[in-house]
Trainee: 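One structure is given below, represented as structure tokens, and several questions about it will come after.
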Amino acid sequence: FFAFWNLVGMGGKKEKKDGGSGENIRVCVRVRPLSGKERETGCKEAVQLDIANSCVSVLHAVGDPTGPFSFDAVYNNSFKQRDIYVQEVYPM
């Protein structure tokens, strides 16, 4: 299922302007759409997104989904790379 995820991690700690130390780690998930070949061969989505709660569940062919797994942000395939950059990276 990892082929369906683009994980973005920015790490480290940095000094805040007010002198305190702030966490500077965010883990975001962006789920790409199925490719044409995947659709042609009958592949199904491997994850279920809950964007409002920043959670992802892994779907299985048999049995219940695994998860939910929580992230700092979850993006579906309607978001462009630039959107994610402006939202997640630029403010850092």
Trainee: I would like to know whether Val31 and Val29 meet side-chain contact (heavy atoms from CB on, under 4.5 Å); could you show each step before the answer?
Mentor: CA-CA 6 Å; Val31 178; Val29 174; 4.1 Å; yes
Trainee: Can you measure from CG (Asp83) to CZ (Arg30) and round to the nearest 0.5 angstrom?
Mentor: 8.5 Å
Trainee: Pair up each side-chain donor or acceptor in residues 68-76 with any protein partner under 3.5 Å, not counting sequence neighbours, and list the distances.
Mentor:
| unit_1 | atom_1 | unit_2 | atom_2 | d |
| --- | --- | --- | --- | --- |
| Asp72 | OD2 | Val27 | N | 2.8 |
| Tyr75 | OH | Glu88 | OE2 | 2.4 |
| Asn76 | OD1 | Ser78 | N | 2.9 |
| Asn76 | OD1 | Ser78 | OG | 2.6 |

Trainee: Do the side chain of Asn53 and the main chain of Asp50 share a donor and acceptor less than 3.5 angstrom apart?
Mentor: no
Trainee: If the condition is side chain to side chain donor-acceptor pair (under 3.5 Å), which residues does Asn77 pass it with, not counting sequence neighbours?
Mentor: none
Trainee: Does a side-chain N-to-carboxylate-O contact under 4.0 Å join Glu38 and Arg32?
Mentor: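 Yes, charged N to carboxylate O under 4.0 Å.
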Trainee: Going through the checks in order, is the side-chain contact (heavy atoms from CB on, under 4.5 Å) test met by Glu45 and Leu34?
Mentor: CA-CA 7 Å; Glu45 295 289 338; Leu34 293 175; 3.6 Å; yes
Trainee: Drop me the distance from Leu59's CG to Lys44's NZ, to the nearest 0.5 angstrom.
Mentor: 11.5 Å
